[in-house]
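Here the structure is laid out as structure tokens; the discussion comes afterwards.
Remember, predicted model here, so these are calculated numbers, not experimental data.
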Amino acid sequence: MTSVLALYRDHDALINMSSNQQPTLIIRRLSVDEYVLPKIHTKKIKRVNSERKPFSINPFPKLGTGHGVYVFENQYFKYEGEWVKGKKHGFGKLLLKDGTYYEGQFNQGEITGTGFKFFSETKCKYKGQFLKGEMHGRGIMEFPDSSEYEGNFVHNRKNGYGVMRTPLTQYDGGYQGNMRHGEGRMVYAPMRYDKTSNGDRYEGYWVADKRHGPGVLHCADGSIFDGNFDNDEFHGHGLYRHISGVIYDGMWLKGFPAKMASKLHIVVENTPMVIRQGTPFTITVQCLNDENEVVGDEGREIQITAGFKYYQPSKGSALFDMIEDVEDKPIDTPFGYQVVHYPLTNQEQENDGPSEEDEEQELSQSQTQLDLKEDEDENQNNKEEETKEGEDGEKLTENEKQDEEKDDGVDNSGGGVEEADEIPNNTTTETESVPLPPPVPNCRSEEGVCVWSDVYLAPAPPMYRPFVAMEEAENDKKSSSRGKPAINKDDRRSSIGLQRVVTVAKLPSILDKMRRQKEKALEEKYAKTGEYVLMVHDVTNPPFLGRTIEPAFLLLKLKRPEAKKRTKKEGKKWDTSQHIRRSMVATEGSED
């Protein structure tokens, strides 16, 4: 086989020749033996058998296989261990200049397999699986604060199932991107002095390290929430059983119920509420929100109490001296004055209050006694007039004083009007000391409503401060208004003659005194008539979600019992014709 090749023997000389001097191109056939390839000059390439540089002087296994030590050119890494064909392979230790080191398996120059790594910057220790220098697979990470994570890693991050133990918490569940994610269980350590942990336990779902989705929270105090979470807060539908006894089942918004009770309301038709002595009454209380809607929570503890207007005792009185030792402090009310507690009970009273018929009978008996004593006083005054007419002025002055005392309802001589002020015979003043009745027990709400039945205002305790202060004020007022002009000697006879008229004119005031004494005796059994304040407070302990709702107040008007209606007995009707007939018969009989 032959080929054609154009040969230029002297190429440079050919270029320098002129066009006339250039020879004619001669083309001829060459044989295969005459064909010569141009010589190619190539640099010899050495095969690299190790990672070290040619100038390295470290001991290295022959042909790059075996055990050896190598320090990298940048002096930052040092490896000591097994080599295979110039690559780290097998078991070895890689040290970094900052103190970090790895000790474990290598594969084809990469940290792959099972090993141990110490991080000098964070002081963390990891023991587990690696892939190309990264924590990947199952492993255990120990932290300097004695925390520990045992679980799965993906590219240096906690991912998958794992258990994280810290001095304050323990979590076992899913992870994603180094954060709790998916279903998991968190147990918080018991309450610490710095309140960094509260002893709760949560089982449910997590998203980005936050409780999110359905879950159950068991609080350290015994409260339980079973419902939905959003960003670590109660959000959505949930059932909360509070340690105080309150149960709320409904919608939640950002950690609080969608309908949160904020105030109490006393259900009453008229204000003030009128009640009667010895007659029970019923109180209904509702738990309302700001929109005046009844909140259907269960088990809220509500307390009902009563109060009476607080009277500040005058300075220097015995009551004023003991006021500092009394723990019962006045309570502010929306009615413009303060009150102190008054006993309220649901213990049944012994009997009802006195009827109007009984009062009329007592008053009629008192009137009869008053008439008799007035006659006796008149006779006694006449005798005194005859015997004392010629005596000196000192005795007259003494008699005038006695007359003034009689006018005031006091007779030191044993007769006069004073006895008319005494309590009738059928009323006893001596009463046995009765212990205070038990207070009304607290009520637990049902669907946001509390009801107390058969409630009474109990009799006042001994030395009840407001009543004592009222009596002191009344006595001071009476003593200041008792001053009366003296009676002249010439007018003495006429005044004595008119004593009966004056006494009869004073009958209403005397009857009022008798009625007051009667009422005072009744106060031993019943509460004093007047104005009271009913108070309702939220005493849920501990407060539900840390909130105590506003109390409610109601005015009570305590009055005497309603008079019982008397049925009139129908007697025989007066027959005028029959009476005339009888009279005529009697007249005719007398004429005969």
Side-chain angles (χ1 to χ4, degrees), residues 198-200 216-229 233-269 271 273 280-307 331-334 339 341-347 438-456 532-556:
N198 54 11
D200 295 347
V216 180
L217 176 64
H218 299 264
C219 300
D221 62 359
S223 303
I224 300 175
F225 177 82
D226 186 356
N228 199 68
F229 288 80
E233 295 179 327
F234 305 156
H235 193 83
H237 186 271
L239 172 62
Y240 191 39
R241 301 179 183 272
H242 195 251
I243 183 60
S244 64
V246 179
I247 300 175
Y248 178 82
D249 187 5
M251 295 300 297
W252 295 74
L253 296 175
K254 302 298 181 182
F256 293 96
K259 291 184 177 181
M260 182 72 174
S262 59
K263 57 186 176 181
L264 296 173
H265 173 67
I266 303 175
V267 180
V268 63
E269 294 181 357
T271 303
M273 180 179 178
F281 57 95
T282 301
I283 293 297
T284 302
V285 176
Q286 296 175 335
C287 302
L288 305 181
N289 58 8
D290 294 335
E291 289 75 25
N292 294 327
E293 298 175 340
V294 179
V295 177
D297 53 4
E298 303 279 344
R300 189 182 293 275
E301 188 175 2
I302 306 299
Q303 181 188 60
I304 181 173
T305 57
I331 303 171
D332 294 329
T333 66
V339 297
H341 282 292
Y342 187 88
L344 190 70
T345 182
N346 61 347
Q347 183 177 355
V440 178
N442 298 339
C443 181
R444 293 282 183 174
S445 63
E446 296 181 4
E447 296 183 359
V449 178
C450 291
V451 179
W452 291 268
S453 301
D454 298 332
V455 180
Y456 300 83
Y532 295 80
V533 177
L534 189 70
M535 300 174 289
V536 182
H537 290 84
D538 176 18
V539 293
T540 306
N541 187 30
F544 181 60
L545 299 178
R547 294 184 178 183
T548 300
I549 57 182
E550 297 179 1
F553 299 87
L554 176 66
L555 279 178
L556 295 179

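The NE2 atom of H242 sits 12.0 Å away from atom CD1 of I224, with the distance rounded to the nearest 0.5 Å. Going from atom NE2 of H537 over to atom CD1 of I304 covers 11.5 Å, rounded to the nearest 0.5 Å. For the atom pair L288 CG and K259 NZ, the distance stands at 11.5 Å (nearest 0.5 Å). Between atom CD of residue E233 and atom CG of residue N228 there is a gap of 12.0 Å, rounded to the nearest 0.5 Å. To the nearest 0.5 Å, the span separating CE on M535 from CD1 on I266 amounts to 10.0 Å. Taking CD from Q303 and CG from N442, the interatomic distance works out to 5.0 Å, rounded to the nearest 0.5 Å.
When the shell of 6.0 Å around CD of E446 is examined, it contains 12 or fewer heavy atoms from other residues, nucleotides or ligands. Enclosure of atom CZ in R241 is not indicated, since only 12 or fewer non-hydrogen atoms of other residues, nucleotides or ligands lie within 6.0 angstrom.
Residue V267 comes nearest to Q286 through the heavy atom pair CG2-CD, 3.6 Å, listed as atom of the first residue, atom of the second, then distance. The shortest non-hydrogen separation linking I243 to P542 is CG2-CG, 3.7 Å.
Contact check for T284 versus C450: no side-chain heavy atoms found under the 4.5 Å cut-off. A heavy-atom distance below 4.5 Å is not found between the side chains of Y532 and L344. The shortest side-chain heavy-atom distance between S244 and N541 does not fall under the 4.5 Å cut-off. Residues V285 and W452 are in side-chain contact: their nearest non-hydrogen atoms beyond the backbone lie under 4.5 Å apart. In this structure, the side chains of V294 and E447 stay at 4.5 Å or more apart for every pair of heavy atoms. A 4.5 Å side-chain heavy-atom check between V295 and R300 finds every atom pair outside the cut-off.
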Quick one, D290 with M260, criterion side-chain contact (heavy atoms from CB on, under 4.5 Å). Give me CA distance, side-chain angles, the key distance, then yes/no. CA-CA 8 Å; D290 294 335; M260 182 72 174; over 6 Å; no
Stepwise side-chain contact (heavy atoms from CB on, under 4.5 Å) check, D249 with H237: CA-CA 8 Å; D249 187 5; H237 186 271; 3.2 Å; yes
Assess whether side-chain contact (heavy atoms from CB on, under 4.5 Å) is satisfied between Y248 and L545, documenting all intermediate values. CA-CA 11 Å; Y248 178 82; L545 299 178; over 6 Å; no
Given side-chain contact (heavy atoms from CB on, under 4.5 Å), test L253 with H235 step by step and report yes or no. CA-CA 5 Å; L253 296 175; H235 193 83; 3.9 Å; yes
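Side chain of N346 to backbone of V455: no donor-acceptor contact under 3.5 angstrom is found. T345 places a side-chain N or O within donor-acceptor distance of the main-chain N or O of P438, the cut-off being under 3.5 Å.
Checked options I549, V246, T548, D538; the residue passing with P543 is T548 (criterion: side-chain contact (heavy atoms from CB on, under 4.5 Å)).
In this pair, Y240 and W252 present their aromatic rings perpendicular. The plane angle is above 60°, beyond the 30 to 60° band.
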